Amino acid sequence: MAVTKETLDEIALSRAEYDLILERLDREPNPVELGMFGALWSEHCGYKHSRPLLRRFNQNPAGQRPSRVLSQTGAENAGAVDIGDGLAVVFKVESHNHPSAVEPLQGAATGVGGIVRDILAMGARPIALLNSLRFGPLDDPQNKYLFHGVVDGISWYGNCIGVPDVAGEICFDESYSQNPLVNAMCVGLVRTDTIATSAASEVDNVMLLVGAGTGRDGIHGASGLASRTFEEEVELRPTVQVGNPFLEKVLIEACLEALDTGLVNAIQDLGAAGLTSAAIESAASGGRGIRLDISQVHQREEGMSPYEVMLSESQERMLLVVAPENVPAIKAVMEKWDVTCREIGVILAEQTAQVAVGSELVVDLPIGPLSEAPQYSLEGKPSEEDIRRRQLNLDLVPLPQDGPQETLIRLLASPNIANKEGVYRQYDHQVQTNTVVGPGSDAAVLRIKGTDKAIAVTIDGNGRLCQLDPYQGGQIVVAEVCRNLSCSGALPLAITDCLNFGSPERPDVYNQLEQAIQGIADACRVLEVPVVSGNVSLYNESRGQAIFPTPVVGGLGLLEVATNATRSAFAGEGLMVVLLGADPSLVDVDDLAGSEYLQRIHGRVEGRPKIDIDLEKRVQALCREGIGQGLITSAHDCSEGGLAVALAECSIQGGIGFNGDFAIDDRWDAVLFGERQSRIVVSLPGDLMTAFVPLASSFGVPVSILGYTGGDRFQLKEQVDVPVSQITEVWNKGLEVASG
Amino acid sequence: MKSRCRHRFPFTGVTGSIAAKLTLECTPPDGNGPILMATPRVCVLRAPGTNCDVETAHAFTSCGAVADRVHLFRVLEDPTRLDGYQVLCVPGGFSYGDDIGAGVIFSSQLRGQLSETIGRFLAADKLALGICNGFQVLLKAGVLPGGSDGWPPAWTTDPENHSPDATLTWNDNGRYTARWVRLKVMATENVFLKGLDELDLPIAHAEGRLVPRTPQILSDWFANGQVGLCYRERPADGQETTLPCTMPAAADPLLPDPHNPNGSIANIAGLGDPSGRVLGLMPHPERFLHATQHPRWTRLGLRGDGEGLAVFRNAVEYFG
């Protein structure tokens with residue numbers, strides 16, 4: 001019987017891939033089997049287009065620092081990093097873009113739920129959430145609806161499960177209209193000797209399915225939603241999963257208690273492609289097989305077919321693999337928490353995947369051919385438009401009529417720069433009581449109970465720069481994440497990444513993907529931060545237009561002494577304000593490339609961004625050393641909006657004026673709003689400069705005095721003179737005004 | 001060593017068998033050899049969906065109590081389990097997901113299956129504290145505002161003729177809100193608030209607006225010294241000056257958001273019972289045990305204990 005094109009489209013397999021299945025099996029798969037192939041060979045689960053490129057990460061680590069990575073990247077649900085004292089931090093970022101575009105509240109909520117279960121599957125208690133959100137401009141009602149829905153979903157789910165939401169970023173650009181990016185990151189803490197594995201390696205172990213009942217929600221989530229473009233997605237609403245945070249909270253407690261017994265041999269979350277992916281990945285990574293009896297699966301809808309049970313993406317479910325004699329003990333824990341627990345399968349010696357309904361076998365497949373998705377390496381090529389945008393002569397950009405002060409005020413009101421407090425006030429950022437620096441600073445800082453230490457976490461992306469130059473952009477994103485960590489005083493240890501791109505089948509998008517990955521890999525090598533986990537979200541397109549290539553990077557840093565944590569806000573009056581990394585008078589107009597200023601004021605996304613990654617490394621090292629020696633009292637990186645916006649933010653957040661005294665030449669726009677990389681604004685008592693200047697030169701970092709803190713006005717030479725209260729008001733209201 | 005043991009626990013209302021269950025612990029004093037003293041036992045009662053049990057238990061233990069995180073299901077199986085404790089604390093979170101209203105299901109279990117146990121607990125010289133979701137639970141169960149004298153609440157035994165005195169409902173801004181607030185302590189005769197005057201604490205809730213059924217009820221709370229804490233104006237970030245904190249009164253105008261973050265009547269953030277042994281409050285004292293938990297600790301150079309610790313220390317010292 002020949003399979004129809006409609007069937008293949010539904011599970012997002014090509015005719016050639018179907019032929020490969022025939023070749024591998026030497027027979028036709030039945031419909032359930034074909035559905036399982038479709039799910040496991042989807043981009044979301046199988047990384048068909050991205051895996052060959054992802055191998056570029058962590059090659060030839062050149063660093064002198066000993067590796068702290070405890071997990072093999074890609075082998076487990078999240079990356080684990082040793083922070084000493086017998087403790088490890090586990091973290092990962094994941095996208096939920098497509099579901100959020102279709103149904104924002106549930107899409108975002110289940111995005112949070114899914115990443116939390118990835119962390120739980122490492123045996124770790126989730127201790128922090130972060131999120132990176134991107135939407136189209138808020139003057140479009142659809143974008144506004146998506147924005148509010150996503151924020152509500154994160155607030156609803158995250159608050160209820162008792163995990164603090166400590167940091168994030170929100171950007172707006174036309175490129176994300178109708179195709180929002182919703183990337184959620186979770187951080188967990190676990191003892192190094194109790195890190196769990198997903199690999200089921202012991203024959204005859206029992207597979208337990210715990211948590212929510214299995215329904216019809218989310219079928220084809222992986223193959224349908226996440227692996228194609230947005231043309232028909234409004235029709236796909238029923239494929240979005242529905243979350244129950246209360247059940248997730250109970251599941252977290254029950255699973256952690258079950259793991260505490262020491263009787264759980266493997267644990268795996270059910271995410272994309274549901275039971276199919278979870279059970280088969282668990283068995284495959286243990287080098288074993290699996291026989292499932294899906295008549296034992298707790299179902300919340302009547303009459304579900306084997307196909308539906310195997311491909312449902314119902315939320316709040318986990319798999320536990322347990323020796324037969326220990327099943328009663330684990331069941332008792334689940335019963336204590338009122339969590340449903342069913343024996344649904346056994347681990348086989350032979351590497352086959354068998355699915356039965358009672359005694360009737362409905363699937364019988366060899367695991368290798370099923371779990372090894374084909375991989376494609378394509379030819380990437382930048383489009384002509386890409387090339388043209390980079391070649392713009394920025395000398396031709398006219399100076400705005402408005403003048404520096406009005407331009408600064410317009411930029412502070414930009415939703416990309418304005419205060420995001422209206423959003424993060426809706427997130428509980430203090431529960432678990434470890435938050436030492438919460439949302440609003442460059443990185444959040446969480447103390448590690450029982451030690452003097454703290455970890456710093458942050459998340460960042462910059463689609464505009466990656467659009468202009470994906471290689472430089474990829475490097476810049478990693479640099480900025482590490483810079484944010486360093487500004488809090490933390491040593492960057494590792495990163496996780498979420499690669500949000502358009503269709504890889506387009507040469508220009510494939511080129512972006514390839515270049516951005518290379519940029520990330522190269523920056524990671526220099527900055528000595530391995531990529532320990534990640535996720536790929538492709539096919540982010542709507543109305544035939546790909547989004548800006550947007551790698552989002554989450555970073556983890558370590559502070560040996562929690563009370564060394566530093567914020568971005570000016571911390572007192574009469575402090576000297578110093579720029580690390582550059583002399584502000586030596587800017588050139590090329591620094592306007594891809595800037596918020598160029599887009600907001602001139603409506604242009606043009607130019608060629610660049611970064612000197614070796615300088616970047618030295619600037620960050622100097623900043624950490626200055627904080628560690630107790631010289632630096634505040635540190636803030638220069639990013640969107642450039643130097644003037646960075647200074648204004650320090651002033652606004654600290655409630656302290658600033659008297660700037662640095663040269664501003666004719667191209668004041670480049671000096672004040674250019675986004676040259678590798679720059680950090682710090683403040684320190686003037687009498688410590690005699691110690692700080694030699695320190696800076698020993699690191700080979702240029703530093704320039706910018707002015708002093710104090711008073712209640714924000715002043716930049718003769719160019720800007722405005723009360724701090726006025727720019728505070730503008731900055732505070734910017735997002736509120738835009739989001740209505 | 002046992003012979004040197006000194007019971008300093010007031011046993012009023014505690015039966016012999018329960019007293020026997022008291023944990024006696026060695027507390028090493030300042031180099032003068034061990035003195036044994038009664039250590040109050042705290043039941044941090046957690047339901048499915050409770051989130052703040054770990055930090056709340058930690059708050060009590062760091063003040064010298066023995067705090068157990070006890071699952072509600074264990075108490076439902078054996079209600080006498082609660083008798084062995086001197087402090088009952090219902091911590092924050094989303095009990096039962098707050099699916100049909102904050103604290104509704106948990107509270108119905110307290111006044112339903114556990115009515116007698118709770119009555120016994122309140123009648124004894126014991127303490128009860130509800131934080132955030134715990135306040136919602138204590139109020140909706142009827143433990144507050146009446147305490148022991150009001151138990152079981154008339155509206156549960158005679159629903160035809162009685163209604164609850166008050167409820168906690170949605171914030172005026174319609175949203176879950178997490179921020180720091182400035183508080184003025186009014187009922188210093190409440191055990192938990194002894195010696196406190198003004199303090200900063202964080203709030204994190206969606207349903208924190210206290211609404212009494214009648215103006216008379218509000219006046220009674222003030223007259224009986226039941227108004228525990230009120231929201232006060234908080235200086236903007238960066239402003240060093242502390243605004244004057246006036247003593248609350250029933251006729252106080254509502255402070256605007258963000259000072260009064262939920263629109264609670266008379267800016268009330270916490271409410272006690274007439275005996276002063278029960279307190280419910282929306283702010284989270286367990287989130288400010290260390291100076292570094294304050295949002296401006298780096299700026300203000302804060303070190304050492306946080307202002308919330310006193311609430312738990314007061315409870316422990318009551319039995320000291």
Side-chain angles (χ1 to χ4, degrees), chain A residues 125 151-152 155-156 159-165 244-250 253-254 336-339 421-422 424-441 445 447 449 454 562-563 565-567 569-572 633-634 651-656 712 724-725 728, chain B residues 46-56 58-59 71 73-74 91-99 105 132 173 175-180 201-206 235-240 257-258 261 284 286-303 306 308:
Chain A
R125 175 171 285 278
V151 170
D152 285 352
S155 164
W156 170 60
N159 293 339
C160 190
I161 60 172
V163 181
D165 194 309
N244 179 347
F246 166 61
L247 200 51
E248 178 102 343
K249 165 67 182 170
V250 177
E253 300 302 329
K336 173 180 167 184
W337 284 97
D338 210 9
V339 169
E421 184 173 336
Y424 64 73
R425 283 280 162 252
Q426 298 175 56
Y427 304 150
D428 189 346
H429 48 269
Q430 266 218 306
V431 64
Q432 300 187 15
T433 63
N434 297 319
T435 310
V436 176
V437 176
S441 203
V445 179
R447 74 194 164 111
K449 282 196 183 100
T563 46
T566 303
R567 291 168 198 266
F570 286 149
T633 54
S634 75
S651 211
I652 292 167
Q653 292 182 317
I656 297 172
D712 55 9
V724 174
S725 57
T728 302
Chain B
R46 58 172 177 166
T50 295
N51 287 332
C52 305
D53 46 324
V54 174
E55 49 263 45
T56 305
H58 171 74
H71 199 295
F73 292 179
R74 305 292 86 78
F94 288 71
S95 55
Y96 294 96
D98 282 353
D99 282 344
I105 298 178
C132 196
N173 67 15
R175 283 195 298 268
Y176 183 98
T177 303
R179 64 162 58 254
W180 281 68
L201 288 179
I203 56 120
H205 61 248
D237 277 354
Q239 279 180 31
E240 293 296 335
D257 196 2
H284 286 268
E286 84 284 6
R287 295 187 179 187
F288 192 24
L289 305 182
H290 308 286
T292 51
Q293 289 163 329
H294 193 281
R296 293 198 295 143
W297 68 270
T298 49
R299 169 74 182 277
L300 302 173
L302 303 180
R303 291 288 186 275

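What you see is a predicted model; the values in this text were computed from it and never measured. The chains referred to below are lettered A, B, ... by the order of the sequence lines, with proteins before strands, and numbering in each begins at 1.
At a 4.5 Å heavy-atom cutoff, the contact between B/Thr50 and chain A is made by backbone atoms alone. Both the backbone and the side chain of B/Tyr96 come within contact range of chain A, with heavy atoms under 4.5 Å apart. Contact of B/Pro48 with chain A is made through backbone and side chain together, with heavy-atom distances under 4.5 Å. Residue B/His205: no heavy atom, backbone or side chain, is found under 4.5 Å from chain A.
Note: B/His290 leads B/His284, B/Glu286, B/His290 in heavy-atom pairs under 4.5 Å with chain A. By number of non-hydrogen pairs under 4.5 angstrom with chain B, the leading residue of A/Thr435, A/Thr566, A/Ile161 is A/Ile161. With chain B as partner, the option from A/Asn159, A/Val250, A/Val445, A/Val431 having the largest number of non-hydrogen pairs under 4.5 angstrom is A/Asn159. Ranked by heavy-atom pairs under 4.5 Å with chain A, the first of B/His58, B/Arg175, B/Arg303, B/Arg179 is B/Arg179.
In this view, A/Glu248 and A/Arg117 satisfy the salt bridge (Lys or Arg N to Asp or Glu O under 4.0 Å) rule, not counting sequence neighbours. Every residue two or more places apart in sequence or in another chain that forms a salt bridge (Lys or Arg N to Asp or Glu O under 4.0 Å) with B/Asp53 is listed here: B/Arg46, B/Arg69.
Checked by atom type and distance alone, the side chain of B/Glu55 pairs as donor or acceptor with a backbone atom of A/Gln432 at under 3.5 Å. A donor-acceptor pair under 3.5 Å is formed between the side chain of B/Trp297 and the backbone N or O of A/Val436. Proximity of a side-chain donor or acceptor of B/Asn51 to a complementary backbone N or O of A/Val163 within less than 3.5 Å is not detected.
A pairwise comparison of heavy atoms in B/Arg296 and A/Arg567 identifies N-NH2, 4.5 Å as the closest pair.
With respect to the salt-bridge test (charged N to carboxylate O, under 4.0 angstrom), the residues B/Arg287 and A/Asp428 qualify.
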